[in-house]
Amino acid sequence: MNALDAIWYDGRSSRGRPATLSQPAPQTLRVDSEGESMEFAAAELTLSPRLGRTVRVLRLPGEGQLQLADSPLLDQWLPTPSRIEGWADWLERRRSAAIGAGIATVLGVVLFFEFALPWMANRLAPVMPRAMERTISDQAMALLDHTQLQPSKLPAERRLALQLVFKDLTRGLPRELDYRLSFRDAPELGPNAFALPDGHVVVTDQLVQLVGEHEDELVAVLAHEAGHHEHRHGMRQALQSSAVVVVAGFLFGDLSGTGSLSVSIPVLLLESGFSRDHEREADRFAFGLLDKHRRSPADFARAMRRLSAHYGERDFGAISYLSTHPPSAERVEAAERAAGLAPGDPAAMPAPVERKGKKSSSGG
């Protein structure tokens with residue numbers, strides 16, 4: 001008769017007693033310890049699942065438990081474990097399976113962030129409450145006003161004229177009532193424009209000065225920003241950025257940072273920026289909107305060329321939220337094709353900006 005060595009904890013004292021476990025008859029197990037013997041029906045006993053080479057625990061009804069090393073005899077004496085338990089044990093005993101599981105986990109996380117998160121954000125963004133869009137945008141704008149932007153120095157008449165042009169440009173769009181156009185002086189940021197999730201579009205004084213009297217180019221840039229809002233790029237990016245924080249917290253067991261998402265989302269939005277696909281989608285929207293208003297996408301090509309000449313090899317702006325544009329040459333060519341022009345057509349070249357007197361680059 002085969003027997004297994006074990007340690008018996010009777011549940012009445014903390015002392016472990018040496019014992020043996022054996023099978024005197026089918027479906028019956030006996031425990032012998034220090035002259036004491038007990039017999040149990042196999043169906044009454046509970047055996048802990050196999051976990052690698054760790055100690056197994058056999059619970060005895062009313063008599064505590066036995067701790068013993070794993071053995072094939074246990075599979076013979078007690079009911080066969082479930083298929084799931086057997087499969088888990090098989091995986092735990094094989095290094096290659098563990099390595100494969102690790103690789104699969106990493107691949108799954110990458111695929112989740114690359115494809116699942118954008119898909120989820122695309123579905124959620126259209127149903128997000130406008131109040132939430134406004135809160136996120138107001139917090140982001142407050143952060144920018146505190147760190148990067150200053151009150152506009154453009155004449156009030158100039159700002160009002162551009163706001164009326166923008167209102168006409170966005171009339172009839174699905175989110176027409178959301179749009180607000182405001183101006184900020186940004187000596188460090190330079191010529192730029194951006195749209196926040198609630199439809200607040202901000203143009204820097206430096207961009208207005210860069211295009212000068214060529215207002216059509218500025219309108220083309222505003223059409224691009226309208227494309228961001230109509231496609232809810234801001235909200236989609238905010239959702240993706242905040243979801244990264246939540247998912248990372250679950251993966252690493254630290255959810256302490258998720259409680260302040262209402263404050264951190266604006267920061268994440270500004271730091272993460274739009275994807276290149278979002279920028280291209282906004283460009284295509286702008287070309288269609290310009291054509292609808294009998295304007296030419298060539299104006300957008302001129303604006304891109306003017307910005308490229310200003311910034312050279314640098315990104316468009318000091319804030320990454322505003323600097324994730326695809327290469328300017330690619331965008332210029334797309335605008336020229338939309339305008340029916342050949343690449344490099346002189347018609348898409350920006351005209352010089354006339355300067356009246358000397359003005360500082362910070363506005364006036």
Side-chain angles (χ1 to χ4, degrees), residues 133 137 140-141 144 149 152 154-186 189-234 274 278-308 310-311 316-317 319 321-326 328 331-332 334-335 338-339 348 350 353 363:
E133 291 182 333
S137 300
M141 198 64 215
L144 286 171
L149 306 178
S152 174
L154 293 175
E157 297 81 3
R158 176 67 165 151
R159 284 181 274 141
L160 178 60
L162 290 172
Q163 287 167 340
L164 292 175
V165 171
F166 184 61
K167 183 176 180 63
D168 180 67
L169 180 71
T170 56
R171 183 175 290 113
L173 293 179
R175 309 197 76 188
E176 173 187 357
L177 298 179
D178 296 345
Y179 289 103
R180 291 178 292 149
L181 177 63
S182 63
F183 301 86
R184 294 291 191 278
D185 183 35
L189 178 60
N192 224 310
F194 58 94
L196 294 171
D198 68 340
H200 185 184
V201 176
V202 180
V203 174
T204 67
D205 292 359
Q206 287 70 24
L207 179 58
V208 177
Q209 294 160 5
L210 183 69
V211 301
E213 71 276 11
H214 305 290
E215 187 176 282
D216 289 343
E217 297 175 20
L218 181 59
V219 173
V221 173
L222 293 176
H224 168 85
E225 300 306 331
H228 280 312
H229 185 55
E230 291 299 325
H231 287 290
R232 291 174 168 81
H233 290 159
F274 289 135
H278 286 176
E279 294 292 356
R280 294 185 182 100
E281 192 172 33
D283 283 353
R284 291 192 293 270
F285 178 90
F287 302 155
L289 184 61
L290 292 171
D291 185 67
K292 177 183 176 181
H293 286 264
R294 298 184 179 181
R295 295 174 177 270
S296 174
D299 293 327
F300 189 77
R302 296 185 191 98
M304 289 297 99
R305 279 201 170 96
R306 202 180 295 279
L307 284 165
S308 295
H310 177 86
Y311 284 108
F316 292 175
I319 303 175
Y321 177 60
L322 315 175
S323 62
T324 54
H325 304 273
S328 300
R331 305 179 74 190
V332 167
V353 174

Pairwise distance CG(L173) to CG(L289) - rounded to 0.5 angstrom: 5.5 Å

N/O donor-acceptor pair under 3.5 Å between S137 side chain and D198 backbone: yes

Distance (rounded to the nearest 0.5 Å) between H310 NE2 and L210 CG: 6.5 Å

Distance (rounded to the nearest 0.5 Å) between L290 CG and H224 NE2: 11.5 Å

R159 side-chain N/O to L154 backbone N/O, donor-acceptor pair under 3.5 Å: yes

Minimal non-hydrogen separation, Y311 against P191, with atom names: OH-O, 2.8 Å

Distance-only side-chain donor-acceptor flag, Q163 / Y179, under 3.5 Å: no

Student check: side-chain heavy atoms of V203 and L162 closer than 4.5 Å: no

Check: H228/E279 side-chain N/O donor and acceptor closer than 3.5 Å: yes

Flag side-chain contact, heavy atom, 4.5 Å: R305 against E217: no

Which atom of A298 lies closest to which atom of A339, heavy atoms considered: N-CB, 3.7 Å

Residue pair R180 / S182, side-chain heavy-atom distance below 4.5 Å: no

Gap separating the CZ atom of R232 from the CZ atom of R175, nearest 0.5 angstrom: 4.0 Å

Stepwise side-chain contact (heavy atoms from CB on, under 4.5 Å) test for H293 and R171: CA-CA 10 Å; H293 286 264; R171 183 175 290 113; 5.8 Å; no

Pair D299 + R302, salt bridge at N-O below 4.0 Å: yes

Residue pair A220 / A286: nearest heavy atoms and the distance that separates them: O-CB, 4.3 Å

Aromatic plane relationship, H278 with H233 - under 30° parallel, 30 to 60° tilted, over 60° perpendicular: parallel

Atom of A223, atom of F285 and distance for their closest heavy-atom approach: O-CD2, 3.8 Å

Q206 (side chain) donor-acceptor with A186 (main chain) under 3.5 angstrom: yes

E281 side, atom CD; D283 side, atom CG - distance, nearest 0.5 Å: 10.5 Å

Minimum-distance pair of heavy atoms, taken over all atoms of G227 and A282: C-CB, 4.1 Å

Exercise: identify the closest heavy-atom pair between F194 and L149: CZ-CD1, 4.2 Å

Pairwise distance CZ(R306) to CG(L207) - rounded to 0.5 angstrom: 10.0 Å

Residue of the set V202, V201, V208, T204 for which side-chain contact (heavy atoms from CB on, under 4.5 Å) holds with F183: V208

